[in-house]
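Residue numbers start from 1 in every chain, and the chains themselves are labelled A, B, ... in the order their sequence lines are given, proteins ahead of strands. Quick caveat: nothing in here was measured; it's all calculated off a predicted structure. We use all heavy atoms of the structure for the numbers below, so side chains are in, but hydrogens, waters and symmetry mates are not.
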Amino acid sequence: MLDINLLRNDIAAVAAGLAKRGVVLDTERFDALERERKDIQTRTQDLQARRNALSKEIGAIKGKGGDAAAQLFEVAGFGDELKRLETELERVQAGVRDFLLDLPNLTHASTPEGGGADDNVEVRRWGTPRTFDFPVRDHTDLGEALGLLDFATAARLSGSRFSFLRGGLARLHRALAQFMLDTHTTEHGYTECYTPYIVNAETLVGTTQLPKFETEMFSVKKGGVEGEGETLYLISTSEITLTNTVRGEILAAEALPIRLTAHTPCFRSEAGSYGKDTRGMIRQHQFDKVELVQIVHPDRSYAALEELTGHAETILQRLEIPYRVMALCTRDIGFASAKTYDLEAWLPAQNTYREISSCSNCEAFQARRMQARFRNAQGKPELVHTLNGSALAVGRTLVAVIENYQRADGSIEVPRVLRPYLGGVESIGRPA
RNA sequence: GGAGAGAUGGCCGAGUGGUCGAAGGCGCUUGACUCGAAAUCAAGUGUACGUUUACGCGUACCCAGGGUUCGAAUCCCUGUCUCUCCGCCA
């Protein structure tokens, strides 16, 4: 959520900032909402003040055994009007809030301007794609030939966009997640967390999945509950649960930075993406991800973004998978983010780099929705900055490993850093 | 799933219809005392919003949401969470 004072004081600047995203700010509507809010709020508060004063008088008079008929008469005179105004005020304040909840974050000055994914800027590249002396196969071919990746079974169980892993690939998948977690906790200073996978609506408002992106979410209801129970949602990323740990908190300055990581499944309905990446494990309704979240002092958030991105890069480097770092442009960047780096891993079968991680600085955008603050040097509550990044998406990392480490015979070499997690196994072939 | 007890400021805890944003204590901040520290004494110490050049003033908030009332931390209803006992369960 943007700072409402920014819109009040310099709405032209906000409009210009949002225009870089291709978002048109309805300044007239905002002004109208604010005028109405201000008018109703002052009138309501004046009447409340009068009522409170009269009630105090009534109390004092009755305490002495006097007659407060005059005061009671005056209160009765505007009681209905006050009730009406209070209801109106609630409505118009909700209107202002809804308006704000609908606006994306302003992008940082260093975020490149652009009209779409083609305008994302490559920041750096690591590694050299391997050359193959045999025809390259994609992970679907390789995995199904090994009998370890089974989309048919997944479809029977659940439908399209799910996968079923067996044997060596299931184990490799687990090894990847563990390797990532171990690296972040022992080398990068993150605290490992185990979090709920099902959350309430308020939590999703904090990290901006609601109200605007409900169609991306899977929702559930408790069984055995008569009538309409509260709707709960499956997390689409553990950014949700990790970041919301500080919702409503006023943290001590010394508590910052907070660095959290978790390995969780993520559930996305991906509405609107029909037809994209229908083959393979790239785009699934359910996938695992190791997430990094940092809650930091506002002065430190851009330094933290570089560090966090580096933490994600470390994983790809240790796995020896070539990748590039992209600075997302203003039209491609996420709703809550001011600046985002995507990590794209090399996929030989697609002969291109594909997104495997997204690292964002949301500045105070999520913190304002969550009312997550710390005590600054003046002792006053101030909004924290929040960052998050995948490090990495486990399913896509598995895809990258399968494709980059494939051999002519269809077996998969196990990356060196993962071998300890697989009991020293050096390759995954067709089970005997 | 059954029975009961709770939820008040950073923490403990008082408050069952009126001058209560909330006693008292602890903690914290500042000042006094001291060479310094401790102890002691004094003052201060929530958040959001509105309004104001400013000092300030006003409104809301005592788990959440409704209700009763001129007036609710206090009474009523619903929900959430916590604790105790029983049952069930991975």
Side-chain angles (χ1 to χ4, degrees), chain A residues 1-9 30-31 33-101 194-206 220-233 241 244-256 364 367-384:
Chain A
M1 196 156 69
L2 296 175
D3 183 357
I4 191 167
N5 287 314
L6 205 56
L7 277 89
R8 287 172 182 158
N9 299 333
F30 178 76
D31 287 342
L33 279 170
E34 268 288 279
R35 265 197 309 276
E36 192 185 9
R37 193 219 90 239
K38 202 166 181 169
D39 172 57
I40 293 176
Q41 183 161 349
T42 29
R43 284 198 284 146
T44 305
Q45 293 191 348
D46 285 349
L47 276 190
Q48 284 173 331
R50 184 67 193 141
R51 180 205 56 200
N52 289 347
L54 286 168
S55 293
K56 238 173 208 185
E57 280 181 42
I58 293 168
I61 292 168
K62 287 198 168 174
K64 293 178 195 144
D67 175 20
Q71 284 77 5
L72 285 167
F73 179 78
E74 188 184 343
V75 165
F78 62 77
D80 288 347
E81 170 71 358
L82 178 55
K83 207 156 258 174
R84 191 187 65 78
L85 279 172
E86 283 174 337
T87 310
E88 272 294 281
L89 181 60
E90 210 167 295
R91 184 189 61 77
V92 70
Q93 282 180 330
V96 172
R97 182 174 166 78
D98 289 347
F99 185 89
L100 288 175
L101 284 176
Y194 171 80
T195 86
Y197 303 154
I198 299 176
V199 296
N200 58 36
E202 206 185 334
T203 298
L204 292 180
V205 171
V220 292
K221 283 213 196 311
K222 251 185 172 177
V225 178
E226 288 295 320
E228 286 292 290
E230 183 188 11
T231 299
L232 297 170
Y233 299 84
T241 45
N244 272 285
T245 52
V246 294
R247 186 170 89 219
E249 295 278 326
I250 300 178
L251 303 158
E254 308 83 70
L256 304 179
R368 189 170 292 108
R369 289 177 169 227
M370 295 190 297
Q371 283 301 297
R373 294 165 292 176
F374 72 104
R375 283 204 191 276
N376 64 21
Q378 290 73 46
K380 290 293 163 203
E382 183 178 336
L383 295 168
V384 296

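Across the protein-nucleic acid pair, A:Arg247 atom CZ and B:C63 atom P stand 18 Å apart, rounded to whole Å. As a whole-Å value, the separation of A:Leu54 CG from B:G58 P is 15 Å. Note: CG (A:Leu232) to P (B:U80) measures 11 Å, nearest angstrom. B:G71 atom P lies 14 Å from atom CZ of A:Arg50, rounded to whole Å. Regarding A:Glu86, its CD atom lies at a distance of 14 Å from the P atom of B:C70, rounded to whole Å. For the pair A:Leu89 CG and B:G58 P, the interatomic distance rounds to 19 Å; values are reported in whole Å. Atom pair A:Phe374:CZ and B:G10:C1' shows a separation of 18 Å (rounding to whole Å applied). With rounding to whole Å, A:Glu74 atom CD is found 15 Å from B:C70 atom P.
Proximity note for A:Lys56 (side chain, C-beta onward) versus B:C70, B:G21, B:U68: the nearest is B:G21.
A 3.5 Å limit on both hydrogen-bonding distances identifies no Watson-Crick or G-U partner for B:C89. With both pairing distances under 3.5 Å, B:G10 is matched to B:C26 as a Watson-Crick or G-U wobble pair. When both pairing distances are held under 3.5 Å, B:G31 makes a Watson-Crick or G-U pair with B:C41. Under the Watson-Crick or G-U wobble criterion, with both distances below 3.5 Å, B:C57 is paired with B:G50. Under the Watson-Crick and G-U wobble criteria, each requiring two contacts below 3.5 Å, nucleotide B:U69 is left unpaired. Pair check for B:U82 finds B:A5; Watson-Crick or G-U wobble, both atom distances under 3.5 Å. Partner assigned to B:U74 is none, using Watson-Crick or G-U wobble distances below 3.5 angstrom.
Judged by distance alone, the side chain of A:Arg369 and the main-chain N or O of A:Leu101 form a donor-acceptor pair under 3.5 Å. Looking only at distances, a side-chain donor or acceptor of A:Gln371 sits under 3.5 Å from a matching main-chain atom of A:Arg368.
Distance check on atom P: B:G24 versus B:C77 gives 33 Å, rounded to whole Å. For the C1' atom pair drawn from B:A5 and B:G65, the interatomic distance equals 23 Å after rounding to whole Å. When the P atom is compared between B:G67 and B:C62, the two are found 15 Å apart, to the nearest whole Å. Nucleotides B:G25 and B:G13 are separated by 16 Å at their P atoms, to the nearest Å. Comparing B:A22 with B:A32, their C1' atoms sit 30 Å apart, to the nearest whole Å. Across the C1' atoms, B:C49 and B:G36 are found 46 Å apart, a figure rounded to whole Å. Comparing B:C12 with B:A64, their C1' atoms sit 24 Å apart, to the nearest whole Å. The same atom, C1', is picked in B:C63 and in B:U8; the two are 10 Å apart, to the nearest Å.
Between A:Val75 and A:Ala53, the residue whose closest nucleotide on RNA chain B is further toward the 5' end is A:Ala53.
Salt-bridge formation is detected for the pair A:Asp39/A:Arg43: a Lys NZ or Arg NE/NH1/NH2 atom is positioned less than 4.0 Å from an Asp or Glu carboxylate oxygen. In this structure, A:Glu86 does not pair ionically with A:Lys83, as no charged nitrogen and carboxylate oxygen lie closer than 4.0 Å. Between A:Glu88 and A:Arg37, no side-chain nitrogen of the basic residue sits less than 4.0 Å from a carboxylate oxygen of the acidic one, so the salt-bridge criterion is not met.
In terms of heavy-atom proximity, A:Asp67 sits nearest to A:Ile61 at N-CG2, 3.6 Å.
By the side chain to side chain donor-acceptor pair (under 3.5 Å) test, A:Arg247 pairs with A:Thr203, A:Asn244, sequence neighbours left out. By the side chain to side chain donor-acceptor pair (under 3.5 Å) test, A:Arg51 pairs with no residue at all, sequence neighbours left out. In this structure A:Glu382 satisfies the side chain to side chain contact (heavy atoms under 4.5 Å, CB included) test together with A:Pro298, A:Phe374, A:Asn376, sequence neighbours excluded.
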Can you give one letter per nucleotide of nucleotides 44-54 of chain B, going 5' to 3': B for a protein heavy atom under 4.0 Å from the base, S for sugar-phosphate only, - for none?
---SSSSS---

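Under the ring-ring contact (aromatic ring centres under 6.0 Å, His included) criterion, no residue pair touches residues 57-83 of chain A, with sequence neighbours excluded.
Dashed line: the shortest gap from a side-chain N or O of A:Asn52 to OP1 or OP2 of B:G71 is not under 4.0 Å.
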Run the side chain to side chain contact (heavy atoms under 4.5 Å, CB included) test on A:Glu34 and A:Val96 for me, step by step, so that the C-alpha distance in whole Å, both residues' side-chain angles and the decisive distance to 0.1 Å come before the verdict.
CA-CA 7 Å; A:Glu34 268 288 279; A:Val96 172; 4.2 Å; yes

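Within residues 197-205 of chain A, no residue is approached by RNA chain B to less than 4.0 Å at the level of any non-hydrogen atom.
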